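Shown next, in structure tokens, is the structure this report addresses.
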Amino acid sequence: MTKKKIVLLDGNSLAYRAFFALPLLTNDSGIHTNAVYGFTMMLQNILADEKPTHILVAWDAGKTTFRHKTFGEYKGGRQKTPPELSEQFPYLRKLLTAYNIPQYELDNYEADDIIGTLSQLSEVDKSEVVVISGDKDLTQLASEHTTVFITRKGMTDIEKYTPLHVMEKYGIEPPQIIDMKGLMGDASDNIPGVPGVGEKTALKLLKEYGSVENVYKAIDKITAKKLKENLVENEQQAYMSKELATIEVNAPITISVENLSYDGPDMEQVADIYQELKFKTLLEKIAPQKAIEPQQAIDVGVLTNPTDEDFTDEMAIHIEMMDENYLTADIIGIGLADDNQVLYMSFAVAKESDAFKKWLQNPDNKKYTSDSKSALASLANQGMAIEGIEFDLLLATYIVNPSTSYTDVASVAREFEYTDVQQDEFVYGKGAKKSIPAQEAVAEHAGRKVQAIWKLRPIIEEKLKANDQFELYEELELPLAKILGKMESTGVKVDRDTLRAIGEELSVKLAKLEADIYDIAGEKFNINSPKQLGVILFDKIGLTPIKKTKTGYSTAADVLEKLESQHEIIGHILNYRQLGKLNSTYIEGLLKEIHEDGKIHTRFQQALTQTGRLSSINPNLQNIPVRLEEGRKIRAAFVPSEPGWYLFAADYSQIELRVLAHMSQDEKLIEAFRADADIHTQTAMDVFGVSTEEVTSDMRRAAKAVNFGIVYGISDYGLSQSLDITRKDAAKFIDTYLASFPGVKQYMDDIVVDAKMKGYVTTLMNRRRYLPEITSSNFNLRSFAERTAMNTPIQGSAADIIKKAMIDMAARIEAEGLQTRMLLQVHDELIFEAPEDEIEKLKLIVPEVMESALALDVPLKVDWAFGLSWYDTK
DNA sequence: GAAGTCACG
DNA sequence: ACGTACGTGACTTCT
């Protein structure tokens, strides 16, 4: 038989942890569910990661235990279990039953003792044991075969205590944890310990003497007067505390390891409980088909020879594809629906049908879609045009709440309690088994989607109007989808030979760097592996690690830069990393993405970011190198797609700070932009109290970092990192800045208060972002939400502005009858390609249109350039 | 699939 | 005392 793997969970401790770690969630039925939810999340991770053969959840039994005989006040002074938590225990037990996980409790004993006893029993046959708790006391059980997992903030983040880890962290062996508690006590269990002895002192004593007993044997050697006095006076209390903290490993349990064998959950039962508790995401994960099993039968009419009568002047339409990349996927078929019918055509039929194409092109026929950009671009790929799109389920849902980042109709629909659509994965399968099923099944699937679109439209439009977001949706996002679709199908021409030439140069340099690095290190290793690199740098060479990650030493660039002067290998590694990145992501990566037409067709995700920005995928063309010259050369491969044409690039100057000036109404900031001042220099003048001439480059650099910080929702730590100064100095900088720009300070204070009150923040065009964590009692979560509250209106309004500019530019290009094509958007810049004879016009039109996209109380400023490649637009 | 790293605004 | 800058996507390694 394979080796046993036994997982023992401390039920009460984990339930408490989950309860306090997560916000107090309530489901529709008014039951609080946060503890059950957190527990479940953790359990799922454990089952997946550890794959136990045996498992047990141990519970505390009743109020009194044998420890109360030793010390009446044991666990005294504890707050009563909150009723919101108590009510969750029955669900937890039920859930565990459904999981087929044994549970056990024993009169007079705590869960620790059950776990301790079982782990001791398992030591005999050397089984691997994992103990899981939220209580660090359990770490005393760590041994060669037993690892103790303690949950940290949240429930899924876990710290693993092996004897080695205990030694690294405390400098003592696991059994000495008991001695530590004996000396320092434990406030949460009301274990007294020795007054005046905390963790530091306890550990110092134990490192010197080894145990409580030995401390007292050597009591005369202790020179610190007060400490010695405390120890002497509390000797009995120290022994008692040690006893209380000791986990009983010989509890009279009536179960054995054999009773704990685990064969997996009863999925039916688990799904039922998830259903009862409304754990939607979990439900989906374990049983997608059950979770979304359509309730109602649907009658889909399959068209083989469509006529004009089949198409009405108002219909939902869905282009069915198996792959999410609509630019490369084949269209399988088309679903249509209105109040009276649900129809389906295979794409072969649709493509040959004049009746359908005529209907499709007629803007008077209103079309409601799930993802209009996908429809536009995929049909355009097939040489088909679609006009008259008036609803987009995906965009509308995104505007209502950007945090619902679904791309498929089934998920979007379920967000609105509409469950009559199946997941694509369920219909097509996944991985290697993914394939197109019989036409009936596709017809039904597509039919359910269009029906959902048809039925959900009024509900979601109502919601948009209620939130005063209908204009944002209808005047901004919907028209933008059409423009983006066109940009995607246009694509941008990329010269393979240029990329290959750069790639060859890189390969030569990389080979040399690699050889040099091996030479210096004295051995071959994988430079791309942070783990192996860490061993070479910090263990073999002996450099001092500056930062740690969850898994080991950090070898990130900012760390390596600090070490650069200490060893010649560092520079080579930084160089290797930089060039390696260029080669793998931008040479090899981009070459793979060039289509047969010699172009790259990225997709802009319009319903993804939390702020309203676009994102770009497959490939990402919004992060093509520019900051360093070596990388910037990549841009030389991006060229116009027609002979005699140019690329024309225009970018907003300081758009985020201009938005801040407008939104905060800070007089000085407004004045600076009206005077068209260099904003970083101006900031330096104000913060350092000097004149223009006195601003040094370091002062300007610092001011620039502060300006960035302000936009991000500043923290002293963040600024200290970016400027490599102390936190104190950073804090001083920030104070001085905010004193110089009182309007900004007022705005930042107000926005946080406002977000707490409303639960969300908004942009200039009324885009929303909900920030539920802004009222969290968890410092980190709350702080993060506060910074987000400060940043999102700025970043999001800038996104609104450039989106508006794109719509205006497309209209202007059309109105002027230009051949110019919009190709890319990179957050604050637009890239066009244009015939030479239109360049003069663009020089005028582009800045004019972009600068007047939205009238602010400060001017918007646009810089532009053109050239024969993207590299030359500088 | 997560973690680490690094490219962009 | 907490442990951080805001928003993204892609690649590599490693479990």
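If you're wondering where the values come from, they're calculated on a predicted model, not measured in any experiment. Chain letters run A, B, ... following the sequence lines, proteins first, then strands; residues in each count from 1.
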> Can you tell me how far P of C/dC14 sits from OH of A/Tyr553, to the nearest Å?
Replying inline: 16 Å
>> With a 4.0 Å limit, can you tell me whether A/Gln622 has a side-chain N or O closer than that to the phosphate oxygens OP1/OP2 of C/dG7?
In response: no
>> Need one value for A/Gln605: base, sugar-phosphate or nothing, where a base atom within 4.0 Å counts as base even if backbone is also close, heavy atoms only.
In response: sugar-phosphate
>> In whole Å, I'd like the distance from the CG atom of A/Leu510 to the C1' atom of C/dC11.
In response: 14 Å
> Would you say the base of C/dC6 and the side-chain of A/Gln795 have a donor-acceptor pair closer than 3.5 Å?
Replying inline: yes
>> What I want to check is whether the side chains of A/Tyr326 and A/Glu488 have a donor and an acceptor closer together than 3.5 Å.
In response: yes
> Please give, in whole Å, the distance from B/dC6 P to A/Asn583 CG?
Replying inline: 16 Å
> Which nucleotide in the list C/dT4, C/dG7, B/dG4 gets nearest to the side chain of A/Lys550?
Replying inline: B/dG4
> Closer than 4.0 Å, any side-chain N/O of A/Ser554 to the OP1 or OP2 of B/dT5?
Replying inline: yes
> Could you give the distance from CZ (A/Phe604) to CG (A/Leu480), rounded to the nearest 0.5 Å?
Replying inline: 10.0 Å
> Nearest of C/dC2, C/dT13, C/dG9 to any side-chain atom of A/Asn526?
Replying inline: C/dT13
> Atom NZ of A/Lys547 and atom P of C/dA5: how far apart are they, to the nearest Å?
Replying inline: 8 Å
> Between A/Thr611 and A/Gln795, is any side-chain donor less than 3.5 angstrom from a side-chain acceptor?
Replying inline: yes
>> Just to be sure I understand the rule, does A/Ile624 reach a base, reach only the sugar-phosphate, or reach nothing, if contact means heavy atoms closer than 4.0 Å?
In response: sugar-phosphate
>> Considering every strand and a 4.0 Å limit on heavy-atom distances, what is the contact class for A/Asp651: base, sugar-phosphate, or nothing?
In response: nothing
> Base, sugar-phosphate, or nothing: which does A/Arg627 touch, judged by heavy atoms less than 4.0 Å apart?
Replying inline: base
>> I need the CZ-P distance between A/Arg727 and C/dA1, as an integer number of Å.
In response: 10 Å
> How about A/Ser783 and A/Asn780: does a side-chain donor come under 3.5 Å of a side-chain acceptor?
Replying inline: no
> Does C/dC2 pair with anything, Watson-Crick or G-U wobble, both distances under 3.5 Å, and if so, with which nucleotide?
Replying inline: none
>> Considering every strand and a 4.0 Å limit on heavy-atom distances, what is the contact class for A/Ala705: base, sugar-phosphate, or nothing?
In response: base
> In terms of side-chain heavy atoms of A/Asn780, which of C/dC2, C/dT4, C/dG9 is nearest?
Replying inline: C/dC2
> The side chain of A/Ala556 lies closest to which of these nucleotides: C/dC6, B/dC6, B/dG9?
Replying inline: B/dC6
> Does A/Ser615 make a side-chain N or O approach to OP1 or OP2 of C/dG9 shorter than 4.0 Å?
Replying inline: yes
>> Heavy atoms only, 4.0 Å cut-off, all strands: where does A/Asn623 land among base, sugar-phosphate and nothing?
In response: base
> Which whole-number value in Å describes the distance from A/Ile710 CD1 to C/dA5 P?
Replying inline: 17 Å
>> Using a 4.0 Å heavy-atom cut-off, does A/Ile714 contact any base of the nucleic acid, only the sugar-phosphate backbone, or nothing at all?
In response: base
> Taking only side-chain nitrogens and oxygens of A/Thr549, does any of them come within less than 4.0 Å of OP1 or OP2 of B/dG4?
Replying inline: yes
> With a non-hydrogen cut-off below 4.0 angstrom, is A/Ala557 in contact with a base, only sugar-phosphate, or nothing?
Replying inline: sugar-phosphate
> Among side-chain atoms of A/Asn707 and A/Thr683, is any donor-acceptor pair under 3.5 angstrom?
Replying inline: yes
> Applying a 3.5 Å limit to both distances, which nucleotide forms a Watson-Crick or G-U wobble pair with B/dA3?
Replying inline: C/dT12
>> Within the 4.0 Å heavy-atom criterion, would you say A/Glu588 contacts the bases, only the backbone, or no part of the nucleic acid?
In response: nothing
>> Does a side-chain N or O of A/Lys581 approach OP1 or OP2 of B/dC6 to a distance below 4.0 Å, or not?
In response: no
> NA contact type, A/Arg603, heavy-atom cut-off 4.0 Å: base, sugar-phosphate, or nothing?
Replying inline: nothing
> Given the P atoms of B/dC6 and C/dC2, what is the spacing between them in whole Å?
Replying inline: 27 Å
> On a plain distance test, is the side chain of A/Thr585 in donor-acceptor contact with the base of B/dA7 below 3.5 Å?
Replying inline: no
> Is the charged tip of A/Arg727 near the ring of A/Tyr717: under 6.0 Å from the six-membered ring centre and within 45° of its axis?
Replying inline: no
>> B/dT5, OP1 or OP2 - any side-chain N/O from A/Thr555 closer than 4.0 Å?
In response: yes
>> Testing the 3.5 Å rule here: is there a donor-acceptor pair between the side chains of A/Thr609 and A/Ser615?
In response: no
>> Nearest 0.5 angstrom please: A/Tyr576 OH to A/Asn583 CG, how far?
In response: 9.5 Å
>> If I pick the P atom on B/dT5 and the same atom on C/dT4, what distance separates them, to the nearest angstrom?
In response: 14 Å
>> Nearest to the A/Arg787 side chain among C/dC2, C/dC6, C/dG9, which nucleotide is it?
In response: C/dC6
> So what does A/Gln532 touch, heavy atoms closer than 4.0 Å: a base, only the sugar-phosphate, or nothing?
Replying inline: sugar-phosphate
>> Among C/dG7, B/dA7, B/dG9, which nucleotide has an atom closest to any side-chain atom of A/Phe784?
In response: C/dG7
> So which nucleotide from C/dT12, C/dT4, B/dG4 ends up closest to the side chain of A/Pro530?
Replying inline: B/dG4
> Hey, does the side chain of A/Ser529 come within less than 4.0 Å of C/dC14's phosphate (OP1/OP2), counting only N and O?
Replying inline: yes
> Say you pick atom P in B/dC8 and the same atom in C/dG3; how far apart are they, in whole Å?
Replying inline: 31 Å
>> How many whole angstroms separate atom CZ of A/Arg782 from atom P of C/dA1?
In response: 16 Å
> Is there a donor-acceptor contact under 3.5 Å linking the side chains of A/Asn401 and A/Thr404?
Replying inline: no
>> Counting only side-chain nitrogens and oxygens, does A/Lys531 get under 4.0 Å of the OP1 or OP2 atom of C/dT12?
In response: no
>> If the cut-off is 4.0 Å, is A/Arg613 near the phosphate of C/dT8, judged by side-chain N/O to OP1 or OP2?
In response: no
> Of all the choices, C/dA10, B/dC8, B/dT5, which nucleotide is nearest to the side chain of A/Arg577 once you look at every atom?
Replying inline: B/dT5
> What nucleic acid atoms does A/Leu719 come within less than 4.0 Å of, heavy atoms only: base, sugar-phosphate, or nothing?
Replying inline: base
> Which part of the nucleic acid does A/Thr551 contact within heavy-atom distance under 4.0 Å: base, sugar-phosphate only, or nothing?
Replying inline: sugar-phosphate
> Reckon A/Gly713 touches a base, only the sugar-phosphate, or nothing at all at heavy-atom distances under 4.0 Å?
Replying inline: nothing
> Where the side chain of A/Leu608 is defined as all heavy atoms beyond and including C-beta, which of C/dG7, B/dG9, C/dT8 is the nearest nucleotide?
Replying inline: C/dT8
